[in-house]
Participant: 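First the structure, which I've put down as structure tokens, then a few questions once you've had a look.
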Amino acid sequence: MRHLISAFILVAGFGTSRAFATPFEPATIPDQAGAVGHLDMDALRKTQVFTALSGQATIDAALDRAPAELRPLAHAVAAAVRGISFWRGAEHGAVYVETRDPHALAQILAKAPVVPGASMDGVATFTGVKPDGDDHGFGAVIGDTLVLADSAESLATSIHTLRGKGPSLVGSRALPAVTRTGVFVFVTLGSDALSAIQKSASAKLLQLGIRSVVVDVRETAGVLAATAHAEMGSAEATQKAKSIVEGLRALASVSLDTPRRVLLDRATVTANGLALDVVANVPVTELAAMIQSK
């Protein structure tokens, strides 16, 4: 099932640019989610950075390694993928692959290593099967969305929410209050998800009582901008975090390769009350030239 999930995420980059985008829909995510993310494939395909870095050609080359019998269907599904969302709770979660062609989804699933599972909320489900015959992951198709989950419980929760029968993240403070223009991917980690990370982390930054983190990437007027916004537990923690980030940036700027070093050199670190923001802005043409020169 892990390989099946990877395959769907891989083919998500295929297809032609569309005249619309697929923004994140909080109503599809259960309220128990501690980590949430969304990739707007329609928006990504239309960015200058996708074109400049030969994103389509790179993905096409990857598709050539897929089994020959699945390539036509993979192309069909890929052309229909418009966005990918994920959520994770305390232990389990799910990935949503949003498409425009449920028929193509049904066709590729018919040839995938899956077997029918129990019906959930009136929705037919399937179970992934590993080469050794063991069950590995769970899934379902709801309308034009493929749901891939790592447990039967997270699949049931996803189905319940997608069908509008369970509490969702609509109006949740866990999500960014404002979505900036040009954002094509974001990830947010709430206090529960961060607590789990902090318990096993030795990094000083993660031990400062971070309440939430939102990371997004956007492109506006030919400039790629990556932003990380953290809400801290106290003003003292904010200032300590700022000092740590600036120290790490100074250290990394002399030890990393050119593209990553330029991103760090362009980054600004600001602290205001309980908020810490790290923002890096790089012209797409400059970034592409650096990467292509390697």
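For this chain, numbers begin at 1 and follow the sequence in order.
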Participant: Closer than 3.5 angstrom, by distance alone: can the side chain of Arg163 be matched with the main-chain N or O of Asp121 as a donor-acceptor pair?
Facilitator: yes

Participant: Would you find a donor on one side and an acceptor on the other, under 3.5 Å apart, between the side chain of Arg266 and the backbone of Val282?
Facilitator: no

Participant: Determine, stepwise, if the pair Val95 / Val147 fulfils side-chain contact (heavy atoms from CB on, under 4.5 Å).
Facilitator: CA-CA 6 Å; Val95 175; Val147 182; over 6 Å; no

Participant: Does Val185 form a side-chain contact (heavy atoms from CB on, under 4.5 Å) with Asp216? I'd like the steps, not just the answer.
Facilitator: CA-CA 6 Å; Val185 62; Asp216 66 46; over 6 Å; no

Participant: Which pair of non-hydrogen atoms, one from Thr125 and one from Ala118, has the smallest distance, and what is that distance?
Facilitator: OG1-O, 2.6 Å

Participant: Is it the case that one hydrophobic cluster holds both Leu53 and Val284, taking links as side-chain heavy atoms less than 4.5 Å apart, direct or via other members?
Facilitator: yes

Participant: Is a donor on one side and an acceptor on the other found under 3.5 Å between the side chain of Glu219 and the backbone of Val183?
Facilitator: no

Participant: Taking the side chain as every heavy atom from C-beta outward, state whether Val217 and Phe184 have any pair of such atoms under 4.5 Å apart.
Facilitator: yes

Participant: For the pair His92 (side chain) and Ser154 (backbone), establish whether a donor and an acceptor sit closer than 3.5 Å, ignoring hydrogens and angles.
Facilitator: no

Participant: Please identify each residue that fulfils salt bridge (charged side-chain N to carboxylate O under 4.0 Å, His left out) with Glu231, with sequence neighbours left out.
Facilitator: none

Participant: With heavy-atom distances below 4.5 Å as the criterion, would you say the side chains of Asp144 and Arg82 are in contact?
Facilitator: yes

Participant: Would you compute the distance between atom CG of Leu162 and atom CD1 of Ile142 and round it to the nearest 0.5 angstrom?
Facilitator: 4.5 Å

Participant: Answer yes or no: is there a side-chain heavy-atom contact under 4.5 Å between Val81 and Arg45?
Facilitator: yes

Participant: A side-chain contact here means heavy atoms from C-beta on lying under 4.5 Å apart; do Thr188 and His229 qualify?
Facilitator: no

Participant: Quick one: closest heavy-atom pair of Met232 and Ala237, and the distance?
Facilitator: CE-O, 3.8 Å

Participant: Would you say the side-chain atoms of Trp87 and Ser158 include a donor-acceptor pair closer than 3.5 Å?
Facilitator: yes

Participant: Hey, any chance Val223 and Leu287 share a hydrophobic cluster, counting ILVMFWY side chains that come within less than 4.5 Å of each other, even indirectly?
Facilitator: no

Participant: Show the nearest heavy-atom pair for residues Val123 and Ala140, with the distance to one decimal.
Facilitator: CG1-CB, 4.0 Å

Participant: Keeping the roles fixed (side chain from Thr238, backbone from Gly273), state whether a donor-acceptor pair exists under 3.5 Å.
Facilitator: yes

Participant: Measure the spacing between CD of Glu153 and CD of Glu91 and express it to the nearest 0.5 Å.
Facilitator: 8.5 Å

Participant: Might you confirm whether atom CD of Glu236 has over 12 heavy atoms from other residues, nucleotides or ligands at distances under 6.0 Å?
Facilitator: no

Participant: Do Thr47 side-chain atoms and Phe50 backbone N/O form a donor-acceptor pair below 3.5 Å?
Facilitator: yes

Participant: Can you tell if the side chain of Ser168 reaches within under 4.5 Å of the side chain of Asp31, non-hydrogen atoms only?
Facilitator: no

Participant: May I ask you to test the Met120-Leu155 pair for a side-chain heavy-atom distance under 4.5 Å?
Facilitator: yes

Participant: List the steps, then state whether side-chain contact (heavy atoms from CB on, under 4.5 Å) holds for Lys242 with Val245.
Facilitator: CA-CA 5 Å; Lys242 183 175 184 292; Val245 172; 5.9 Å; no

Participant: Is it true that Arg218 and Asp40 have a side-chain N and a carboxylate O under 4.0 angstrom from each other?
Facilitator: no

Participant: Is it true that Phe138 and Phe126 have ring centroids separated by less than 6.0 Å?
Facilitator: no

Participant: Check the pair Thr28, Thr161 against side-chain contact (heavy atoms from CB on, under 4.5 Å), reporting the backbone distance first and the verdict last.
Facilitator: CA-CA 6 Å; Thr28 66; Thr161 306; 5.6 Å; no

Participant: Measure up the His38 and Phe186 rings against each other and bin them: parallel (under 30°), tilted (30 to 60°), perpendicular (over 60°).
Facilitator: tilted

Participant: Show the nearest heavy-atom pair for residues Ala235 and Leu274, with the distance to one decimal.
Facilitator: N-CD2, 3.4 Å

Participant: Taking the side chain as C-beta and beyond, is there a heavy-atom pair between Thr127 and Val114 under 4.5 Å?
Facilitator: no

Participant: Looking only at heavy atoms, which two atoms of Tyr96 and Pro30 are closest? And how far apart?
Facilitator: OH-CD, 3.9 Å

Participant: Could you check whether any side-chain heavy atom of Val279 comes within less than 4.5 Å of a side-chain heavy atom of Asn281, counting everything from C-beta outward?
Facilitator: yes

Participant: Would you name the heavy atoms of Ala271 and Gln239 that are closest together and state the gap between them?
Facilitator: CB-NE2, 3.7 Å

